[in-house]
Number of protein chains: 2
Amino acid sequence: MSAIMQLEPNIQTNTNLELGLDGVAWVFKALSDPARLKILRYLASDAVGCCGDGICGCDLEDITGLSQPTISHHMKCLLSANLIQAEKRGKWMYYNLDTRGFKAVQAYLEQCC
Amino acid sequence: MSAIMQLEPNIQTNTNLELGLDGVAWVFKALSDPARLKILRYLASDAVGCCGDGICGCDLEDITGLSQPTISHHMKCLLSANLIQAEKRGKWMYYNLDTRGFKAVQAYLEQCC
DNA sequence: TCCTTATATCGAAATGTATCGATATGTTAA
DNA sequence: TTAACATATCGATACATTTCGATATAAGGA
């Protein structure tokens, strides 16, 4: 599995939802950081963000207390795991949850429990 | 978050099932390795193991192709996340799934999706 | 008791990750 | 066009993780 820096898996939900253990592990790795969990939980909430029409990067600096480059890194990580979607509007990036990553790990977990 | 070597979280499912983001992240980290996912999936199957009465360490060396010390390390990691339970019988360690870790991450995921 | 086997721990090497400051890129507003 | 701002990338640092060989511990059997 390669580094997050030269990001790799944007693990396509190939033809179906099955992802293989490497792909599932990649999504779990994206979920294995408290700051990223905080970000995802915030995206899942009904918060509107500082611009009133979505959550952008500066909102996430506020709620995590992390620097802008660090947030950018975390969002790239979540994108590569298909846990979020990003859309550029003006100079802002707006983020939303992407169900594909969540479904992939839930499918694995259901095999176990 | 501390290293896995000087293992720390055996994150007690404190009083209830709520675990806090650090605790949940710790479980996700234990789930973020393909070898460990393979081990858990094997423990969830109806395989009986080489001794016929449960899955022990040597079974896991076979299915992962990893060395004995590496397996031992992975099992310690899964234990610390409450994803498995271990029981010593004779000179063997027998492993089973522990629902607590799974429930913790599933509870988090349900907040998101 | 001594040997064999299962597991755990230690030490080390290679690689991966989180974080930030500095800087580059791109977009809006003046 | 220029200034201000949001985001991305680079480079560096500190630390974490995976893996194995060597060795220790513990249990059973000859």
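Chain A is the first sequence line, chain B the second, and so forth, proteins listed ahead of strands; every chain is numbered from 1.
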- Return the 5'-most residue of the pair B:M93, A:R89 with respect to DNA chain C, ranking by each residue's nearest nucleotide.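 So the residue in question is B:M93.
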
- Task: Using the closest heavy atom to pick a nucleotide of DNA chain C for each, name whichever of B:D59 or A:W92 lands nearer the 5' end.
- Result: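 The residue whose closest nucleotide sits nearer the 5' end is B:D59.
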
Verify the contact: side-chain N or O of [X] to OP1 or OP2 of [N], cut-off strictly under 4.0 Å; return yes or no.
X     : N      : value
B:K76 : C:dT7  : no
B:T70 : D:dC20 : yes
A:K88 : D:dT7  : no

Tell me: [atom1] of [X] to [atom2] of [N], nearest whole Å?
X     : N      : atom1 : atom2 : value
B:D22 : C:dA18 : CG    : P     : 14 Å
B:L66 : C:dT7  : CG    : P     : 15 Å
A:L60 : D:dT7  : CG    : P     : 9 Å
B:I71 : D:dT18 : CD1   : P     : 12 Å
B:E61 : D:dT18 : CD    : P     : 18 Å
A:L79 : D:dA8  : CG    : C1'   : 12 Å
A:K29 : C:dA18 : NZ    : C1'   : 13 Å
A:E87 : D:dA6  : CD    : C1'   : 15 Å

- Message: Please compare A:Y94 and B:P69 by the position of their nearest nucleotide in DNA chain D and report the one closer to 5'.
- Response: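 Going by which nucleotide is closer to the 5' end, it is A:Y94.
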
Minimum-distance nucleotide (side-chain atoms of [X] versus [options]):
X     : options                : value
B:Y95 : C:dA8, D:dT9, C:dT19   : C:dA8
A:K91 : D:dA27, C:dC20, C:dT28 : C:dT28
A:H74 : C:dT19, D:dT19, D:dT17 : C:dT19
A:H73 : C:dT27, D:dT9, C:dT19  : C:dT19
A:D33 : C:dT19, C:dT7, C:dT9   : C:dT19

- Query: How would DNA chain C look in dot-bracket form, 5' to 3', counting Watson-Crick and G-U wobble pairs with both distances under 3.5 Å and writing | for bases paired to another strand?
  - Reply: ||||||||||||||||||||||||||||||

- Message: Please report the interatomic distance CG(B:D98) to CD1(B:I84), rounded to the nearest 0.5 Å.
- Response: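 Going from the CG atom of B:D98 to the CD1 atom of B:I84 covers 8.5 Å.
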
Counting distance only, does the side-chain N/O of [X] pair as donor-acceptor with the main-chain N or O of [Y] below 3.5 Å?
X     : Y      : value
A:T64 : A:L60  : yes
B:N82 : B:R100 : no
B:R36 : B:A30  : yes

- Message: Any donor-acceptor pair, under 3.5 Å, between the side chain of B:Q68 and the base of C:dA6, if you only look at N and O atoms?
- Response: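 Under the 3.5 Å cut-off, the side chain and the base do not form any donor-acceptor pair.
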
- Salt-bridged, B:D33 to A:K29, with N to O below 4.0 Å?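 Looking at B:D33 and A:K29, the cut-off is not met.
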
- Query: Where do B:A81 and B:V27 come nearest, in terms of heavy atoms and distance?
  - Reply: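 Here B:A81 and B:V27 meet closest at O-CG2, 3.8 Å.
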
- Task: Please report the closest heavy-atom contact between B:L97 and B:Q85, naming both atoms and the distance.
- Result: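 Where B:L97 meets B:Q85 most closely, the heavy atoms are O-OE1, 4.0 Å.
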
- Between B:D53 and B:Y94: side-chain donor-acceptor atoms closer than 3.5 Å: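 Yes.
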
